[in-house]
Every structure is written in C-alpha cells, then in structure tokens.
Amino acid sequence: MRDQLVAVIGLGYVGLPLAIGLAEVGRTVIGLDIDSRKVERLNRGESHIPDVPAAAVERLVQAKRFSATTDAAALRAPDAIFICVPTPFDANRAPDLSFIRSAAQSIQPQLRAGHLIVLESTTYPGTTEEILQPILETSGLRGGIDFDLAFVPERIDPGQTESRGWTIINTPKVVGGLTPQGAQRASALLATMGAPVHVVSSPRAAEMAKLLENTFRSVNIALVNELALLCERMSIDVWEVIGAAATKPYGFMPFRPGPGVGGHCIPVDPLYLSWKAREFDFHTNFIDLAAQVNDDMPYHVIELIVRGLSRQGRALDGAQVLVLGVAFKRDIDDARNSPAERLMELLMARGAQVAYHDPYVPQFRVGGNVFHRRRETFDSVSLTAAALAGAECVVVVTGHTSIDYRQVAAQARLVVDTCNAVPRDAPGRVIRLGAPNQG
C-alpha cells in the first residue's frame, strides 16, 4: 500500500484528529510537535483534544500505529507529510506564516525523492507555491517532479463527534495539487478515511475555497449582527425574526447575532484574503466592512451593560461583572480569538472588576495590547449562588448547554444575554442582544 507511513506536523485541533483518523484506517502515523509535554501525554495514550477520545489514542499507541515526537529527523522515513500548524495574524493584522516556514524548514533536510507534502494550514492563495515550495526546493529536489505537493484545506468543526456531527471521517475534503499526480496521490490517501474528495485545478484554487467558506460565514454573521442593532432600535426581536425567516425551506440560511466572532477561522481568514488582495490592487470593501461590523459588537455589548447598570443607579467603573463563557463556541474548550477576550479588556479599561466562569476553560489570558496594557491570567470561578448574587452584572457570552440560565437569571441582579441563552420566561432583569429591552 502506497503512503503507508505518514507524518503529521502540528498535533493541535487540526493535526491530531487527522493523525488519529489516518491511523484508524490502517496507516502508521508519526506526529511531530514542538511541545514536549504534549508529545509525552500522547505517547502515554492521553488526549488533549476533547474531540479525540483518549481511548482511541491509547489503543493506537499500543498497536504501534501512532506515536509522537519532537525530533524532526523522524520526517525522513514517512512517505507523506501533512503540515497542520497555526496561521495567526500579527498585531497589525497581517498574516503570520512563521509556523509554516518553520515546518518547511524542518522538512527540508529530511526531504527525499518520492515524498508527498500536504499543507492543511489555512492561508492565503499562493502560499503553497510561493512560500512552502521554494523552501522545500532549497534541498535541490523539485516540486511536482521529485516530490509531490498539495494543499488540502482543513475542515474541523470543534465539539462534533462522528455520531452527531461532521468530523474528520465524514467531512468531504478538497484537494489542489501542484500537478495532477500530486492531487491524485493526496486524494487517494485522504479517501481511505471514507469521506468524499473533491479535486480542484491547483493549490491556489483550494486555498481560495477555504477562504470563501469562512468569509461567507463572516459576512453573513456581520449582516445579522447589523440587523440585530437595527432591531433593537426598532423594538423588534431579531431572534423572532430569524426564527420566522428560517421557516422558508429554500433560499435562506439562518445565521445568529452575537458579541463578535471567534475561533481560528472566521476572524482570521477574511483578513488573509483582504491582505493578499491588496497585492493585486484590489480592495475587498464588502469583506472589510463585515469584519468592521463584527469587531464592533463587543463595544455594543459594553453599551448594553452600561445601560443596564445605569437603570440600577450604578456606573460601570468599579462594578463587579461576571462573564459566563469564554470559549469561542458553546460546549468546547477552545478560546482562541474569543470575543470574550476583547469584552473583558474593554470592561477592565472602563474600571470594572471582572471575573469569569467557563466549565471548559479553566484559565483565560487577556490584555497585553492597546486595549489593556497589562497581560493578565484569570482562573474560572465557581458558578455559585453567591457568585451570581455578588455580581452587579452577569454577561452571557457563550451559551454552554451545561449552565442553567434560568437559575442564573433568577439569582443575578442583571443579566446581559448576548447569545439568546436565557429562556424567555426566566425571571429577573435580562437585557437581550437584538431584542426590545426592558431591563
């Protein structure tokens, strides 16, 4: 069987599910990561990703079909190497490809004829051919001739399991190869996991497809966020409106407002596309406007908090504010780029005393930027009756299903609900984003 031995660089939310998925269908997989503690845990059969069961890791480690290492020399033996490293943006919101460059530089000394290199990290169109390929070719080997090269956009929906959602096993994959041979080879390997594979003409087309997926979501979230602000002003309940529109069985897809956008994809991918577009003297006005609307939502939440506190004769300065949920999505432990981060920074900048509770995120770091100069680490507090009663405002940012929001509303002095988590008939003072608010 070709490409029997596979390596995966980066064992995070994308790389580990891929590594385990390939191992489950008979491949032998070596995972490479710079975090030695993560590597040690994986080799003990433990998992740091909730979507990847520890039992599966332990079984595959014992069967010698999965192992982890920090040694890049292990990249020489595998037939195929997947790159699944972070692609954040820097303080100026420009793409940070340092992790991709580092991965390429770790592969280059080990590169040999016949290797298949697949980039899965989300990035702008052209990265595979303009950044990754030239670094690999400093080995003297040529892409598309001596080794195969492809881009396959990651598609990970955190919090999903195979029994109730889209996972690495059943989510269709897109493949763009440097050559038809490279595309066919990457497709054949990925198809062994069972999901359909769609081949496009080039790595650039595959890179653009990924950005389209998440820019589509960013733009539509911005649209419904803007409508939420309008509905507040017009004393219309945007949640009722969305529910009504969603009864149309064609031509409509429901998106829901919130305190902003989070995660590694939606806040980042449109910025990558806008940045690259400027190279072609093209200004992505529509995309940039959507980002602006979404970025402004935490500021609107601050306005709702100030409004609610003022009705109780209280200023935000010095007020005790409890944030419920800092993960970027409900029922997961991933807090990357969560809107809760900006919201907490803005609250502290206005003099509020801030605490948070999240059953999935035990620690949360904020600050170290222009919004809040000091970098601070918070520990999640227990969600007790005393904690709720002691807060002058409770802000629901992420609606984790394990929290009893009816009880929250009953025990809190004021609740600002940014995600429609509190039941409509719950007692207490509730200000709801996108709805007529009586406070």
Side-chain angles (χ1 to χ4, degrees), residues 48 50 158-159 258-260 262-263 297-299 301-309 312 314-369 371-423 426-433 439:
H48 57 282
M297 291 307 293
Y299 295 88
V301 175
I302 294 291
E303 292 178 12
L304 296 180
I305 296 169
V306 170
R307 184 187 309 167
L309 288 171
Q312 301 181 72
R314 187 72 172 93
L316 181 56
D317 188 10
Q320 302 286 331
V321 179
L322 175 63
V323 173
L324 292 190
V326 298
F328 80 83
K329 177 183 174 183
R330 72 179 186 179
D331 299 342
I332 68 169
D333 68 343
D334 191 350
R336 290 176 296 173
N337 299 318
S338 169
E341 181 177 358
R342 181 69 72 246
L343 181 62
M344 290 173 67
E345 291 166 352
L346 295 174
L347 285 168
M348 290 187 291
R350 297 282 292 270
Q353 303 298 310
V354 181
Y356 88 93
H357 168 79
D358 192 306
Y360 297 93
V361 185
Q363 283 194 329
F364 189 55
R365 298 182 68 189
V366 302
N369 53 40
F371 301 97
H372 188 71
R373 293 292 184 185
R374 189 170 66 255
R375 187 70 163 164
E376 297 190 42
T377 300
F378 288 79
D379 294 319
S380 176
V381 302
S382 299
L383 191 60
T384 62
L388 290 169
E392 288 157 287
C393 181
V394 175
V395 187
V396 183
V397 176
T398 309
H400 293 308
T401 56
S402 60
I403 295 176
D404 185 346
Y405 296 101
R406 183 182 299 278
Q407 193 69 14
V408 168
Q411 295 178 338
R413 285 181 261 180
L414 168 69
V415 176
V416 173
D417 183 2
T418 71
C419 56
N420 201 36
V422 179
R429 293 186 174 183
V430 179
I431 293 179
R432 198 179 306 269
L433 174 69

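Hydrogens, waters and symmetry mates play no part in the numbers below; they use all other heavy atoms, side chains included. Numbers here are sequence positions counted from 1.
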Whether [X] side chain and [Y] backbone form a donor-acceptor pair below 3.5 Å:
{"X": "Tyr356", "Y": "Gln363", "answer": "yes"}
{"X": "Asn337", "Y": "Gly263", "answer": "yes"}
{"X": "Ser338", "Y": "Ala340", "answer": "yes"}
{"X": "Lys329", "Y": "Pro158", "answer": "yes"}

Between [Y] and [X], is there a side-chain heavy-atom distance shorter than 4.5 Å?
{"X": "Leu309", "Y": "Cys393", "value": "yes"}
{"X": "Glu392", "Y": "Gln312", "value": "no"}
{"X": "Leu414", "Y": "Ile431", "value": "yes"}
{"X": "Ser380", "Y": "Phe364", "value": "no"}
{"X": "Thr398", "Y": "Val326", "value": "no"}
{"X": "Val408", "Y": "Val422", "value": "no"}
{"X": "Val395", "Y": "Leu324", "value": "no"}
{"X": "Pro359", "Y": "His357", "value": "yes"}

Next on the checklist: Can you confirm whether more than 12 heavy atoms, excluding those of Arg330, are under 6.0 Å from its CZ atom?
Outcome noted: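 No - once you tally the heavy atoms of other residues, nucleotides and ligands closer than 6.0 Å, there are 12 at most.
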Who are the side chain to side chain donor-acceptor pair (under 3.5 Å) partners of [X], not counting sequence neighbours?
{"X": "Arg374", "value": "Glu376"}
{"X": "Asp317", "value": "none"}
{"X": "Asn369", "value": "Glu345"}
{"X": "Arg432", "value": "Asp417, Asn420"}

Specify the closest pair of heavy atoms between [X] and [Y], including all atoms of both residues, with the distance to one decimal.
{"X": "Val396", "Y": "Ala421", "value": "CG1-CB, 4.0 Å"}
{"X": "Val397", "Y": "Thr418", "value": "CA-OG1, 3.4 Å"}
{"X": "Val381", "Y": "Ala355", "value": "CG1-CB, 4.3 Å"}
{"X": "Ser382", "Y": "Ala387", "value": "O-CB, 3.6 Å"}
{"X": "Ala409", "Y": "Val415", "value": "CA-CG2, 4.0 Å"}

Name all pairs fulfilling the salt bridge (Lys or Arg N to Asp or Glu O under 4.0 Å) condition that reach into residues 356-366, sequence neighbours left out, sorted by first residue then second.
->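 Qualifying pairs: none.
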Q | Pairs flagged by salt bridge (Lys or Arg N to Asp or Glu O under 4.0 Å) wherever residues 377-387 is involved - sequence neighbours left out | A |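 Sorted pair list comes back empty.
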- Task: Go through Val366 and Thr377 one step at a time and tell me if the side chain to side chain contact (heavy atoms under 4.5 Å, CB included) criterion holds.
- Result: CA-CA 7 Å; Val366 302; Thr377 300; over 6 Å; no
Under the side chain to side chain contact (heavy atoms under 4.5 Å, CB included) test, which residues partner [X], sequence neighbours left out?
{"X": "Gln411", "value": "Ala385, Leu388, Gln407"}
{"X": "Asp334", "value": "Tyr13, Phe328, Ile332, Arg336"}
{"X": "Arg373", "value": "Val370"}
{"X": "Val306", "value": "Ile302, Leu316, Arg350"}

### Task
Please list, chain by chain and in numerical order, all residues satisfying salt bridge (Lys or Arg N to Asp or Glu O under 4.0 Å) with Arg406, sequence neighbours excluded.
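Partners of Arg406 under the salt bridge (Lys or Arg N to Asp or Glu O under 4.0 Å) test: Asp425.
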Worksheet entry | Approximate separation, where rounding is to 0.5 Å, of Leu343 CG and Met297 CE |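 Here the rounded value is 11.0 Å.
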inquiry  = Between Met344 and Val323, is the side chain to side chain contact (heavy atoms under 4.5 Å, CB included) condition met? List the steps.
reply    = CA-CA 8 Å; Met344 290 173 67; Val323 173; 4.0 Å; yes
### For Tyr360, ring-ring contact (aromatic ring centres under 6.0 Å, His included) partners two or more places apart
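Only His400 meet the ring-ring contact (aromatic ring centres under 6.0 Å, His included) criterion with Tyr360.
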